[in-house]
Amino acid sequence: MSVSVPCLFIVIPCYNEEAVVGGTADVLTELLEEMVKQGQVSADSRMVFVDDGSKDGTWEEILRCAKKCPWAEGIALQRNVGQQNALYAGLMEVRKRCDAAVSLDADLQDDPSLIPAMVRQFCAGNDVVYAVRKSRRGEGAGKRGTAWLFYRILGWMGADMPRDCGDFRLLSRKALEELSCFHEHNPFLRGLIPLLGLPSSILYFERRPRRAGKSKYSLGKMLALAVQAVTSLTAWPVYLVFWLGTGLALPSVAWLVWLLLIRQEGIGEKVLFASLWAAAGLLLLGIGIIGLYSVRIWQEVSGRPRYRIRERIFPSGYFWHEKTKRN
Ligand code: UDP
Ligand code: MG
């Protein structure tokens, strides 16, 4: 879709980000003002901070920004639902009010100076504009290594998504509307968006170090995201376990039959124990993987809301306490 002067919303999920929200709002205010002056986006463009159940003073910071800055809005979720759900909540809440929405991390590791180029790509007819990381400055070797492995493994499993793209991207209103038709409980947005099949383009940028604070992606949250990604995009692990089980079971049964037939003696105790443990381990692994998919099915059929909104703040300090809107 091409719009002459589009209305742009920037959606920023925040979890315990009191140290960065104020600075991020200042940077984005300057950017939006400049873009409006240049006639790139309309004056009703906004930045929307989504407080993902923070335990620190993030919501107070968002309220402060919204009161002093005419571009800032805030949405507070009832509890921490994770970055993907928080981002999805923000995108769904703004989709009827904008022509395009850019999602951005609160710590400005995603370079906001790329946004004007993203809007140009949108005006040229792209419904999705991915911002792909050329480098990941300021991140430790552990984080870079796990991220590298994460995208490669998903690629090998056949997931169709640009590598190293993160959640810094522009989505047109059309893309947001189509995304709203996906009713998954734990949406893995990076994997779902390519499934929309809309015209897209890729821009490259250098990922910067965090402005302040520490990463909110603990090892536990990273592993949860990886499981969410794999179980949402592919049934490949189930097939792997199935074929592994088949490959293991067939020769061992044949071997057992052969042993029984020739009545050979003296199978070492250690070998017996080792094979017992290996078999038990594989069995548990298989049950575990099937369990992961079952949990997803259970989450989907239980039909629980993906997020609930506690309060909202609009520019100029207009405050709206919403009795837990659900989606
Ligand atoms: N985030 C969130 N909910 C969470 C964890 C993270 O909304 O449960 C937000 C966080 O505040 C940030 C973005 O998601 O804006 C990315 O998180 P972070 O910068 O900690 O991840 P990293 O860049 O280290 O992968
Ligand atoms: Mg970050």
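Because the structure is a prediction, the values reported are computed rather than measured. We count ligands from 1, going down the list as the structure has it; atoms in each ligand are counted the same way.
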Item to check | T58 (side chain) donor-acceptor with Y15 (main chain) under 3.5 angstrom | outcome: no
Checklist entry - Between S201 and Q121, is any side-chain donor less than 3.5 angstrom from a side-chain acceptor? => result yes
Checklist entry - Nearest to atom 18 (P) of ligand 1 by heavy atom, Q83, R210, Q84, Q109: which? => result R210
Item to check | Pair S54-D51, side-chain donor/acceptor within less than 3.5 Å | outcome: yes
Item to check | Sub-3.5 Å N/O-N/O distance, K214 and ligand 1 | outcome: no
Checklist entry - Closest N/O/S atom of D107 to the Mg ion (ligand 2), by atom name? => result OD2
Checklist entry - With a 3.5 Å cut-off and no angle check, do the side chains of R190 and Y151 form a donor-acceptor pair? => result yes
Item to check | Structural part of C14 in contact with ligand 1, heavy atom criterion under 4.0 angstrom | outcome: backbone
Checklist outcome for this item: With heavy atoms and a 4.0 Å threshold, my read on which part of V81 contacts ligand 1 is neither
Next on the checklist: Determine whether the aromatic ring centres of residues F205 and F168 are separated by less than 6.0 angstrom.
Outcome noted: yes
Next on the checklist: Is S215 close enough to the Mg ion (ligand 2) that one of its N, O or S atoms comes in under 2.8 Å?
Outcome noted: no
Item to check | Closest to atom 3 (N) of ligand 1 (judged by heavy-atom distance), picking from L77, D52, D107 | outcome: D52
Next on the checklist: Using a 4.0 Å cutoff against the non-hydrogen atoms of P13, which atoms of ligand 1 qualify?
Outcome noted: 7 (O), 9 (C), 10 (C), 11 (O), 12 (C), 15 (O)
Next on the checklist: Show the atoms of ligand 1 that are less than 4.0 angstrom away from any heavy atom in R207.
Outcome noted: 23 (O)
Checklist entry - E17 heavy atoms, cut-off 4.0 Å: which ligand 1 atoms fall inside? => result 10 (C), 11 (O), 12 (C), 15 (O)
Item to check | Donor-acceptor side-chain pairing of K221 and N80 below 3.5 angstrom | outcome: yes
Checklist entry - What do we get for D105 next to ligand 1 when only non-hydrogen atoms under 4.0 Å count, side chain, backbone, both or neither? => result both
Checklist entry - With a 4.0 Å cut-off on heavy atoms, does M222 reach ligand 1? => result no
Item to check | Linked, directly or transitively: L223 and I153 (ILVMFWY side chains, under 4.5 Å) | outcome: yes
Checklist entry - Checking R46 side chain against V48 main chain: does a donor-acceptor pair fall under 3.5 Å? => result no
